[in-house]
Visitor: 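What follows is a structure written as structure tokens; I'll ask about it next.
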Amino acid sequence: MTSPWMLGNTTVRSALRLKDGLAALLASGLVGNLDRENETAFAWALDEHGVVSLSDETEDVSSLGRKWRSALGKLGFIVPKVPARLRSDLDVIGQEYTITENGYRLLAAESVPAIQEVFLRAIAAVQVPSPLDNRFDPPPFTPLRHVLRVMLALLEETGSSHITPVEMATIVQLVTPSVPTTDIVARILDLRARRENSDNKRAFDRFEREAAAVAARVVPGTLHDYADLNFRYIKATGLVQGKGRGIALVPEQQTMAELLVSEVEPELSEIAYLERLCRGAVLPTDTQYGALVVLTQLSESAKARGIDLDIDTFKLTEPADIAVARHEIEDLISKSKEVDYAAEQASRIAEILAVMDLIITRRTSTTVGDEEISVPKDERPAYFEWVIWRAFLAINHLAVPPYKVRRFKIDQDFLPVGNAPGGGADLIVEFDDFVLVVEVTLTENSRQEAAEGEPVRRHVADIVEQHADTGKTVYGLFMANKIDTNAAETFRIGSWYRADDSRMSLDIAPFTLAQFRALVASMFDRGEVHPNAVREVIDAAIELRKESDFAPEWKAKLMELLPVPTP
């Protein structure tokens, strides 16, 4: 048994956030200049670009900048700090802390499949222990290939590639490829058999983690944290997805996984490892053969989902051409899965309400039945948008597909990949006879009006103009944990002027998330789930606006209109 290995670091728990961190670095003017004296400046650059949230009271800001720098370097998105003995070879890869070839590839990636492919190149290049550490016990290996090899062996043995958190924590991340895969699988199956016969599954898991932690000379929490982190980073490749609290192979990516593990792990010199890390690993799909093999499986998966697909319409003469076809087919499969996901949401309303509760209370986790629900602290703004999207999917009666409602990206687990980009609303929820332009924020003080007042009105006005000929009424729905009175006053006035100085009257209703949660819960409790219930509340809010001379009066009436039940 070895010490546990880990991808990334515990500060940057979501690998996909590294794209935003890299963009913040590029805009900061600190590229190539991230030595100790600039760690604090980098941290504040991350704050300025909304990647992290700091305050003047935040302790040790430099530590946060240092850990983000480390995460970017560890995955090869910036040139990491290299040992002095290699400084003379830096002309091969570039100056320390400059953005690498794979880093620029990440910045340029727009679609989720393209972003995931960049992370696949990055994580497939990472070895532990790093050859740069000059420590070869155990010999360097690629964690991604190690995990995929175990998952494929489990799939062959059991019919499922599923790995649970306790299996990752106590077995997979504590062994290396020097242990035969058959032995690793045997250990996992033994653990499952013993767990199945236990009377208390949670106590069993806790005991196994504690025993493994003693043998590995770490605290049990470390094993749990590392397993969670490794799951998150491996999922960023797009090859695996969540299953319960564990992971499983994405079925249509099985061929890619098989091709990856079939490759012989090369022994790399220090400088060769740096080159691979900074350029990203070569993938099987970079060859004509591998690209066609993967495309064939994707095409079969698409057809199995009833997607009408004519592969002959694609140009398939070069790997780059096949990549275009592959991403288009992946997008079609993703949209098909999202339609199925949307249809499930009404049956998952308890989970949706629980996520709202976490955002309202600022807690990070809770339990619904046997399932643990979590909202990562640093991703709370994205989860706010996401849970409102899920609520409207549950309400249903949409006039557009679910992927046209949200403006934020989602991954293969339908979890948010960052916030909705600027320049538009968070959600545009279109029904048969009206449209909701939804904006949410976690800002609560007077900054709320400054940050949201103009953009919200502009976004609503844009949608009003777009629907000028459809006859659909357009409403704005603004939500926060607390509605600032200055923001409420802006929406009470509800005006927007076009470029020709003509005035547009906007109907924007501000409600707290707790009020919206109460509305959604009451609809499902009564068994009367229809978007008209939301429209009626907004219409009533607009009528109350006309009766209110000041924002405080309007806010008080809105609270009476949609009271929040006492806990």
Side-chain angles (χ1 to χ4, degrees), residues 111-112 331-332 334-346 348-349 352 356 382-410 414 416-441 452 455-480 491 494 496 498 504-511 513 515-517 519-520 523-524 528-542 562:
S111 68
V112 171
D331 183 59
L332 291 172
S334 176
K335 287 178 177 177
S336 174
K337 289 182 175 182
E338 189 170 340
V339 170
D340 294 342
Y341 176 78
E344 299 171 359
Q345 295 311 294
R348 299 173 68 175
I349 191 62
I352 292 169
M356 291 186 189
Y383 273 72
F384 194 170
E385 298 173 4
W386 174 73
V387 75
I388 301 304
W389 172 64
R390 290 185 64 188
F392 280 110
L393 297 185
I395 293 170
N396 205 350
H397 301 279
L398 297 170
V400 294
Y403 45 84
K404 290 193 174 181
V405 174
R406 58 177 173 81
R407 292 189 64 252
F408 54 86
K409 297 180 176 69
I410 57 173
F414 308 102
V417 179
N419 301 73
D426 297 332
L427 303 172
I428 302 172
V429 193
E430 184 172 347
F431 301 105
D432 287 338
D433 52 357
F434 73 101
V435 181
L436 280 179
V437 182
V438 183
E439 301 272 11
V440 307
T441 183
E452 304 291 341
V456 170
R457 288 181 295 126
R458 172 164 44 84
H459 298 161
V460 174
D462 288 343
I463 303 302
V464 169
E465 296 281 30
Q466 291 176 25
H467 284 274
D469 299 326
T470 68
K472 293 188 177 183
T473 303
V474 175
Y475 300 97
L477 177 59
F478 179 77
M479 273 183 275
F491 302 139
W496 184 260
R498 301 178 178 88
M504 185 186 305
S505 181
L506 305 175
D507 291 332
I508 303 173
F511 288 106
L513 175 57
Q515 288 178 290
F516 182 73
R517 185 207 182 281
L519 173 61
V520 173
M523 292 166 59
F524 279 87
E528 300 174 2
V529 182
H530 197 279
N532 280 345
V534 181
R535 183 176 189 173
E536 289 169 3
V537 168
I538 295 177
D539 279 334
I542 301 306
L562 198 56

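In this chain, residues are counted from 1 in sequence order.
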Visitor: Less than 4.5 Å apart, any side-chain heavy atom of Arg535 and any of Asp433?
Guide: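 Yes, their side chains come closer than 4.5 Å.
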Visitor: Go through Leu436 and Leu427 one step at a time and tell me if the side-chain contact (heavy atoms from CB on, under 4.5 Å) criterion holds.
Guide: CA-CA 8 Å; Leu436 280 179; Leu427 303 172; over 6 Å; no
Visitor: Quick check: closest heavy atoms across Ile395 and His397, and the distance to 0.1 Å?
Guide: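 Scanning both residues completely, I find the closest heavy atoms to be O-CD2, 3.3 Å.
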Visitor: Do you know which two heavy atoms are closest between Val460 and Gly476, and how far apart they sit?
Guide: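 Reported closest heavy-atom pair: CG2-CA, 3.9 Å.
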Visitor: Which pair of heavy atoms, one from Ala509 and one from Ile538, lies closest together, and at what distance?
Guide: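 Result for this residue pair: CB-CG2, 4.1 Å.
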Visitor: From Leu393 CG over to Glu344 CD, what is the distance, rounded to the nearest 0.5 angstrom?
Guide: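 Answer rounded to 0.5 Å: 10.5 Å.
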Visitor: So does Ile463 get a backbone contact from the side chain of His467, meaning a donor-acceptor N/O pair under 3.5 Å?
Guide: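 Checking the backbone N and O of Ile463 against the side chain of His467, no donor-acceptor pair under 3.5 Å is found.
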Visitor: Does Asp469, at its CG atom, have more than 12 non-hydrogen atoms belonging to other residues, nucleotides or ligands within less than 6.0 Å?
Guide: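 Counting neighbours around CG of Asp469, 12 or fewer heavy atoms of other residues, nucleotides or ligands fall under 6.0 Å, so no.
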Visitor: With rounding to the nearest 0.5 Å, note down the distance linking CH2 in Trp386 to CG in Asn419.
Guide: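 The CG atom of Asn419 is 14.0 Å from CH2 of Trp386, to the nearest 0.5 Å.
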Visitor: Hey, are the side chains of Phe431 and Phe392 touching, using non-hydrogen atoms and a 4.5 Å cut-off?
Guide: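 Yes, side chains in contact.
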Visitor: Can you find a pair of side-chain heavy atoms, one from Asp539 and one from Asp507, that are under 4.5 Å apart?
Guide: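 Heavy-atom side-chain distance check fails, nothing below 4.5 Å.
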Visitor: Quick one: do Glu385 and Arg407 satisfy salt bridge (Lys or Arg N to Asp or Glu O under 4.0 Å)? Show the steps, please.
Guide: CA-CA 9 Å; Glu385 298 173 4; Arg407 292 189 64 252; over 6 Å; no
Visitor: Grab the two heavy atoms, one from Phe408 and one from Ala420, that are nearest each other, plus how far apart they are.
Guide: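 Distance-wise, the nearest heavy atoms are CB-N, 3.7 Å.
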Visitor: Determine whether Asp331 and Lys335 satisfy the following criterion, salt bridge (Lys or Arg N to Asp or Glu O under 4.0 Å), listing intermediate values before the conclusion.
Guide: CA-CA 6 Å; Asp331 183 59; Lys335 287 178 177 177; 3.3 Å; yes
Visitor: Just verifying a value: how many Å separate His459 NE2 and Ile508 CD1, rounded to the nearest 0.5 Å?
Guide: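 CD1 of Ile508 is found 11.0 Å from NE2 of His459.
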Visitor: Can you find a heavy atom in the side chain of Val405 that is under 4.5 Å from one in the side chain of Trp389?
Guide: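 When only atoms from C-beta onward are counted, Trp389 and Val405 do touch, with a gap below 4.5 Å.
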Visitor: Please check: side-chain N/O of Gln345 versus main-chain N/O of Arg390, any donor-acceptor pairing under 3.5 Å?
Guide: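 No; zero donor-acceptor contacts below 3.5 Å.
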Visitor: Does the side-chain contact (heavy atoms from CB on, under 4.5 Å) test come out yes or no for Met356 and Arg517, once each step is laid out?
Guide: CA-CA 7 Å; Met356 291 186 189; Arg517 185 207 182 281; 3.7 Å; yes
Visitor: Mind checking whether Tyr341 and Pro402 have side chains closer than 4.5 Å, heavy atoms only?
Guide: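 The answer is no; the side chains never approach within 4.5 Å.
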Visitor: Hey, could you give me the CD/CZ distance between Glu439 and Arg457, rounded to the nearest 0.5 Å?
Guide: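 Spacing of CD (Glu439) from CZ (Arg457) equals 12.0 Å.
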Visitor: Is there side-chain contact between Leu477 and Met479, with heavy atoms separated by less than 4.5 Å?
Guide: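 Yes. Closest side-chain heavy atoms under 4.5 Å.
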Visitor: Measure the spacing between CD of Glu465 and CZ of Arg498 and express it to the nearest 0.5 Å.
Guide: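 Going from the CD atom of Glu465 to the CZ atom of Arg498 covers 4.5 Å.
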Visitor: Kindly indicate, with the supporting measurements, whether the criterion side-chain contact (heavy atoms from CB on, under 4.5 Å) is fulfilled by Val435 and Thr473.
Guide: CA-CA 6 Å; Val435 181; Thr473 303; over 6 Å; no
Visitor: Mind checking the CD1-CG spacing from Ile388 to Leu513? Nearest 0.5 Å is all I need.
Guide: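 CG of Leu513 is found 5.0 Å from CD1 of Ile388.
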Visitor: Is any side-chain heavy atom of Phe511 closer than 4.5 Å to a side-chain heavy atom of Leu562?
Guide: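 Contact flag for Phe511/Leu562 side chains = yes.
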Visitor: Looking at every non-hydrogen atom in both residues, tell me the closest pair between Phe516 and Ala391 and how far apart they are.
Guide: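 Minimum heavy-atom separation between Phe516 and Ala391: CE2-CB, 4.0 Å.
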Visitor: For Phe524 and Val529, run side-chain contact (heavy atoms from CB on, under 4.5 Å): C-alpha distance rounded to whole Å, both residues' side-chain angles, the deciding distance at 0.1 Å, then the answer.
Guide: CA-CA 6 Å; Phe524 279 87; Val529 182; 3.8 Å; yes
Visitor: Within the structure provided, determine whether Val112 and Ile410 are in side-chain contact (heavy-atom separation under 4.5 Å).
Guide: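 In short, these two side chains do not touch, never coming nearer than 4.5 Å.
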Visitor: For Phe434 and Pro531, work out which heavy atoms get closest and say how close.
Guide: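 Residues Phe434 and Pro531, closest heavy atoms: CZ-O, 3.7 Å.
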